[in-house]
Amino acid sequence: MFVNHDTREVTFKLVYAGTPVSGKTTNLCYIHSRIDAGQRGDLVSLATSADRTVYFDFMPVSSVLIQGYRTKFVLYTVPGQVQYAATRQLVLRGVDGLVFVADSSASRLEENLESARTLMEDIKQARLAFDQLPFVLQYNKRDVPDAAPRAHLDYLLNRKPNPFPVFETVATRGVNVFACLNALSQLVLQKFHASAPGALSATPPPASPPAPPDLQPLEARLRTSPPPSFPASTSHPAIVS
Amino acid sequence: MTSSTWCELGPQQARALRSLLRHLCTEAEAIYAALLQDSGLLICDYGEATCRDAGETGALASGTFFAARQLAQRLKENEFTGLSYEGADRHFLLAPAGADTLLFIVFNSHTRPAIVRACVRKILPDLVTELAHLGRMN
């Protein structure tokens, strides 16, 4: 995360990791297609001719104003294949929030588990404290004929006293894609405020009239998408609504 | 074991860093210089507007640097001091500037890579000193 008091910008890095061909790039493509061009940068994809991500996909998204600071989220995907551990660890540098995208197909449950194990190893290698990292699970491809029941995926990937937030998605059609992104961004912002409550008030106000102290969503919004539902305690606006 | 490192840049530090980057661009006759966090996030830049980072440049530059370094290590070359690219007219140099920061400098054929490298070497200590003043927390 980077706080620039000079340009009054806060930038967070969010990474989509997960099972190979589970739809990580599709998530970014959908987000790219639905966000106003003025609020996002180019979708940069380093992929093979077979559209497999070999290094990362990348896209910056401008979001809300917090105490007069523009918030930017840079979204990355990492390659899912086990052999790309080195590049995954590089892309995980400085990550502020993580989505694990699992494939709902019953035939790929074992691969989901293997990918989750690999990700934990990558996080360890990148010297990140997983228990402090905002993290959400995404069960993608809920529309495939052999989709495993949600309870089955939960049992495999989310069996813990305080389960991670889970989103059942169909990234090709955008179902719950923004709900997942918004939830992660909320967690990241909550962590930021909890860890550095005075970070945005340490510098004098700018010469121009300051923005209202409460959180302001940007005017340019997603053209159509139902508002995501957040926990009642959430006080931050969504990236898009 | 850490969570991600948070980094803060104040207006005064931004001015100081930009002044050093401006000096570097002038001395080396470069067209653009930027400091990047190793995560790919831009800290500060100076120079031609067409090179300005909206996010993509930093991500690609950082990714390029670390991928090349990893490749060098796999080829048993552990002294990786930077990466330079020479195009038809636009060239760039990527070099570490401190523990977790990269210097990205773009130049054209008005100057020479050797001159740019020499100017970078000259200014690096000042950049590193200034970068040490950035607010950091885990």
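Bear in mind the structure is a predicted one, so any value in this text is a computation, not a measurement. Residue numbers start from 1 in every chain, and the chains themselves are labelled A, B, ... in the order their sequence lines are given, proteins ahead of strands.
By the 4.5 Å heavy-atom criterion applied to side chains, A/V74 and B/L41 are counted as neighbours. Residues A/M1 and B/C7 form no side-chain contact, since every pair of their non-hydrogen atoms from C-beta on lies 4.5 Å or further apart. Annotation: side chain of B/E8 is not in contact with side chain of A/F2 (no heavy-atom distance under 4.5 Å).
Of all residues spanning residues 24-36 of chain B, none has a heavy atom less than 4.5 Å away from chain A's heavy atoms. Of residues 70-89 of chain B, those residues lying under 4.5 Å from chain A by any heavy-atom pair are B/Q70, B/R74.
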Hey, mind stepping through B/R18 and A/D6 against salt bridge (Lys or Arg N to Asp or Glu O under 4.0 Å) and telling me if it holds? CA-CA 11 Å; B/R18 203 170 294 119; A/D6 190 46; 2.8 Å; yes
Given side chain to side chain contact (heavy atoms under 4.5 Å, CB included), test A/V44 with B/L60 step by step and report yes or no. CA-CA 9 Å; A/V44 178; B/L60 287 169; 3.8 Å; yes
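Listed here is the closest heavy atom pair of B/S39 and A/R93: CB-O, 3.3 Å. Shortest non-hydrogen contact noted between B/G10 and A/H5 is CA-CB, 4.0 Å. Of all non-hydrogen atoms in A/Y76 and B/A59, the two that sit nearest each other are OH-CB, 3.1 Å.
Within 6.0 Å of the CZ atom in B/R112, the count of heavy atoms belonging to other residues, nucleotides or ligands does not exceed 12.
A distance of 11.0 Å separates CD in A/E9 from CG in B/L9, rounded to the nearest 0.5 Å. Atoms OG1 and CG, on A/T11 and B/L42 in that order, are 8.5 Å from each other to the nearest 0.5 Å.
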